[in-house]
2 protein chains.
Amino acid sequence: MNLASIYIKKLRNSGLRPTKQRIKICEVLFNTDKTFHFSINELSTLINSKYSQKISLATIYNTVHAFKDKGYLKQIPLNANQAYFDTNISDHHHFYDVNEKKLIDLDNSDVGPIKIYKKINGKKIKSVEVLVKLED
Amino acid sequence: MNLASIYIKKLRNSGLRPTKQRIKICEVLFNTDKTFHFSINELSTLINSKYSQKISLATIYNTVHAFKDKGYLKQIPLNANQAYFDTNISDHHHFYDVNEKKLIDLDNSDVGPIKIYKKINGKKIKSVEVLVKLED
DNA sequence: ACACAATTTAGAACCATTATAAACTATTAA
DNA sequence: TTAATAGTTTATAATGGTTCTAAATTGTGT
Ligand SMILES: [Mn+2]
Ligand SMILES: [Mn+2]
Ligand SMILES: [Zn+2]
Ligand SMILES: [Zn+2]
């Protein structure tokens with residue numbers, strides 16, 4: 001079974017039609033053993049340098065949001081003026097190198113267990129994310 | 001010694017001229033026992049509802065950035081499409097209630113000690129921030 | 001092939017933020 | 001006191017990431 005057909009299955013299973021554009025985006029995002037972080041613009045450049053047939057920026061926005069909603073991507077709270085996404089959807093944390101302006105994964109095993117003692121009535125914890133800023 | 005003169009001293013000590021605008025902004029931000037979180041627009045509304053003489057949005061941006069640079073405010077990585085600031089400059093963490101879209105302080109004592117086992121050569125830790133998302 | 005809904009796309013709109021540059025003001029030196 | 005100067009405020013424009021719009025295209029079930 002080739003790559004494309006795997007992504008077609010994945011898309012169909014998610015209720016998303018397997019269009020040429022979405023399959024290409026899957027190939028760029030998921031056809032690698034390494035996960036990575038990206039902004040929409042970086043992804044757009046990556047995709048459009050890889051293929052001669054361009055994908056519009058609007059489609060890239062649409063698709064990234066769709067994939068995020070389906071849980072195939074995570075958005076990382078970094079509070080820059082642009083959104084950052086992560087193909088690593090496992091429970092993990094981040095270093096942010098403020099000099100290089102680069103995100104680096106911190107596996108869950110790189111961080112000790114995080115205890116939250118405070119409770120808010122009627123609310124439950126959805127996620128716990130640690131951002132460790134690094135400087136020279 | 002009255003409030004204004006305290007802020008005048010604070011501003012002078014920071015190399016910032018004590019203008020009417022900056023003193024007012026200090027009063028709104030720091031003249032309270034409770035710390036709080038705000039976006040620039042929320043702060044602008046707060047200030048301009050409290051005083052008849054309005055302060056321009058540009059000045060509020062300038063001043064918030066100056067205060068942040070001086071360490072009188074913290075910016076909170078929330079990755080919304082707007083910046084959030086905190087008058088609580090102590091080392092602490094946050095709950096983010098995704099339903100109410102509200103930030104809640106987590107004192108350092110509300111969170112167990114955070115161990116970071118991974119090291120990056122030549123880099124040192126500048127800050128460690130935990131964001132705990134809450135849902136109903 | 002056909003009908004229909006989903007998707008793509010270029011371009012416009014949106015909106016938080018930053019830049020500009022002219023008027024104003026705090027400070028310091030005559 | 002004034003005068004000179006640098007710092008500040010402000011209205012307004014520009015920027016840039018993101019979302020919206022609506023028309024053209026495409027995927028899917030019949
Ligand atoms: Mn988004
Ligand atoms: Mn900012
Ligand atoms: Zn990551
Ligand atoms: Zn806080």
Side-chain angles (χ1 to χ4, degrees), chain A residues 4-5 7-28 37-48 51-70 72-73 75-85 101, chain B residues 4-5 7-28 37-48 51-70 72-73 75-85 101:
Chain A
S5 64
Y7 298 133
I8 289 171
K9 199 166 286 179
K10 179 172 180 151
L11 289 163
R12 283 230 178 77
N13 285 341
S14 317
L16 299 169
R17 288 187 180 173
T19 62
K20 286 190 301 298
Q21 291 87 345
R22 283 173 177 162
I23 291 163
K24 275 194 212 166
I25 294 171
C26 279
E27 282 169 358
V28 171
H37 306 116
F38 63 91
S39 69
I40 295 281
N41 258 297
E42 289 164 359
L43 181 61
S44 175
T45 301
L46 194 60
I47 287 170
N48 289 328
Y51 300 97
S52 54
Q53 169 75 44
K54 305 306 177 213
I55 299 178
S56 77
L57 191 57
T59 296
I60 294 175
Y61 270 98
N62 290 341
T63 304
V64 166
H65 283 135
F67 286 2
K68 182 191 139 191
D69 293 346
K70 295 297 177 184
Y72 303 145
L73 290 173
Q75 191 168 351
I76 302 170
L78 229 190
N79 200 6
N81 34 3
Q82 64 188 337
Y84 277 89
F85 296 91
K101 296 187 197 307
Chain B
S5 63
Y7 297 134
I8 289 172
K9 198 167 289 182
K10 179 173 181 152
L11 289 164
R12 284 231 178 81
N13 285 341
S14 315
L16 298 170
R17 287 188 181 175
T19 62
K20 284 191 303 298
Q21 292 86 345
R22 284 175 176 161
I23 292 163
K24 275 194 209 167
I25 293 171
C26 279
E27 283 169 356
V28 169
H37 305 116
F38 63 90
S39 68
I40 295 282
N41 257 297
E42 288 162 0
L43 181 61
S44 174
T45 302
L46 194 60
I47 287 170
N48 290 327
Y51 299 97
S52 53
Q53 168 74 45
K54 305 306 179 214
I55 298 177
S56 77
L57 191 57
T59 295
I60 293 174
Y61 270 98
N62 290 341
T63 303
V64 165
H65 283 135
F67 286 2
K68 181 190 141 195
D69 293 344
K70 295 297 177 183
Y72 304 146
L73 291 174
Q75 190 166 352
I76 303 170
L78 229 189
N79 200 6
N81 33 5
Q82 64 187 337
Y84 277 91
F85 297 90
K101 297 187 198 304

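Only this structure's heavy atoms are used, side chains among them; waters, hydrogens and symmetry mates stay out. These numbers were taken from a predicted model, which means no experiment stands behind them. Just so it is clear: chains get the letters A, B, ... in the order the sequence lines come, proteins before strands, and each one is counted from 1.
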Difference in axis direction between the ends of the helix from C:dA1-D:dT30 to C:dA30-D:dT1, five pairs, 10°: 20°
Can I get a per-line list of side-chain donor-acceptor pairs under 3.5 Å for residues 76-85 of chain A, giving both atom names and the distance, sequence neighbours left out?
unit_1 : atom_1 : unit_2 : atom_2 : d
A:N79  : ND2    : B:I76  : O      : 2.7
A:Q82  : NE2    : A:Y84  : OH     : 2.9

Value in whole Å for how far the [atom2] atom of [N] lies from [atom1] of [X]:
X	N	atom1	atom2	answer
A:I8	D:dT26	CD1	P	16 Å
B:K68	C:dT17	NZ	P	11 Å
A:L78	D:dG17	CG	C1'	15 Å
A:I60	C:dA10	CD1	C1'	14 Å
B:K24	D:dT10	NZ	C1'	14 Å
A:N62	D:dT19	CG	P	9 Å
B:I55	C:dT25	CD1	P	14 Å
B:I25	D:dT9	CD1	C1'	10 Å

Interatomic spacing from OG1 in B:T63 to CG in B:L16 - rounded to 0.5 Å: 8.5 Å
A:R17 side, atom CZ; A:I8 side, atom CD1 - distance, nearest 0.5 Å: 14.0 Å
Interface polar pairs with nucleotides 27-30 of chain D, N/O, under 3.5 angstrom:
unit_1 : atom_1 : unit_2 : atom_2 : d
D:dG27 : N3     : A:R17  : NH1    : 3.3
D:dT28 : OP1    : A:R12  : NE     : 3.1
D:dT28 : OP1    : A:R12  : NH2    : 3.1
D:dT28 : OP2    : A:R12  : NH2    : 3.4

Residue that, paired with A:V64, satisfies side-chain contact (heavy atoms from CB on, under 4.5 Å) out of A:L43, A:D69, A:T59: A:L43
Indicate yes or no for a side-chain donor-acceptor contact from [X] to the backbone of [Y] under 3.5 Å, with no hydrogens or angles considered.
X	Y	value
B:K68	B:L73	no
A:R22	A:L11	no
A:K24	A:I55	no

Phosphate oxygens OP1/OP2 of [N]: is one of them under 4.0 Å from a side-chain N or O of [X]?
X	N	value
B:S56	D:dT9	no
B:Q21	C:dT25	no
A:Y61	D:dT18	yes
A:H65	D:dT19	yes

A:S14 side chain reached by A:F67 side chain, heavy atoms, under 4.5 Å: no
Sub-4.5 Å side-chain heavy-atom contact between A:R12 and A:Y7: no
Any residue meeting side chain to side chain donor-acceptor pair (under 3.5 Å) with B:T19, in chain and number order, not counting sequence neighbours: none
Those residues that, when tested against A:Q21, pass side chain to side chain donor-acceptor pair (under 3.5 Å) (two or more places apart): none
Within residues 38-46 of chain B: residues closer than 4.0 Å to DNA chain D (heavy atoms): none
5' precedence on DNA chain D between B:N81 and B:A58 (nearest-nucleotide basis): B:A58
Nearest-neighbour nucleotide for the A:Q82 side chain, C:dT7, D:dG17, D:dT10 considered: D:dG17
For the student: nearest non-hydrogen atoms of B:S44 and B:I60, plus distance: CA-CD1, 3.6 Å
